[in-house]
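Report on the following structure.
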Amino acid sequence: MAMIIAEVYTTRPVTMIRIGPELMDALTVQEVFREIREENVERLIGKFKKITFPIRNVRGYLRTGLYNSVFETEAGIINEVNGDLKTEGV
């Protein structure tokens, strides 16, 4: 996974990188990758270990998973805060 992260960081900003079915400019992907933390990597590894189907493009799958993990973590935090507010009656 470190090699995938390094590859994204060293790609010229104007180059297009595939994230899932979409092509995105490398600068945008690099900005998202700057938000990756240890918990993102650990969560992705856990998900990867549970996969029971064959993956044809492992590098692409992991690159997309790393990218999405940033947004999944943000959504999880928002849901946690909203849940806390509901239980406090705010």
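The first residue of the sequence shown is numbered 1, and numbering continues consecutively from there.
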Considering only heavy atoms from C-beta outward, does the side chain of Leu66 approach that of Asn40 to under 4.5 Å?
no

Same cluster or not: are Leu27 and Phe71 linked, directly or through other Ile, Leu, Val, Met, Phe, Trp or Tyr residues, by side-chain heavy atoms under 4.5 angstrom apart?
no

Which pairs would a plain distance check flag for residues 47-55, meaning a side-chain donor or acceptor within less than 3.5 Å of a matching protein atom at least two apart in sequence or in another chain?
residue: Lys47; atom: NZ; partner: Glu72; partner atom: OE1; Å: 2.8
residue: Lys47; atom: NZ; partner: Glu72; partner atom: OE2; Å: 3.4

Which residues pass the side-chain hydrogen bond (donor to acceptor under 3.5 Å, both in side chains) test with Gln30, sequence neighbours left out?
none

If I take atom CE from residue Met3 and atom OG1 from residue Thr10, how far apart are they, to the nearest 0.5 angstrom?
8.5 Å

First locate atom OH of Tyr67, then atom CG of Leu44, and finally report the distance between them rounded to the nearest 0.5 Å.
15.0 Å

Which pairs pass salt bridge (Lys or Arg N to Asp or Glu O under 4.0 Å) with one or both residues in residues 53-68, sequence neighbours excluded?
Glu7-Arg59, Glu7-Arg63

In the structure I gave you, are the side-chain heavy atoms of Val70 and Arg37 within less than 4.5 Å of one another anywhere?
no

Return a table of donor-acceptor pairs under 3.5 angstrom between the side chains of residues 13-24 and protein atoms on other chains or two or more places apart.
residue: Thr15; atom: OG1; partner: Arg12; partner atom: O; Å: 3.2
residue: Arg18; atom: NH1; partner: Pro21; partner atom: O; Å: 3.1

Which residues satisfy the side-chain contact (heavy atoms from CB on, under 4.5 Å) test with Glu42, sequence neighbours excluded?
Glu38

Listed by chain and number, what are the ring pair (Phe, Tyr, Trp, His ring centres under 6.0 Å) partners of Phe33, not counting sequence neighbours?
none

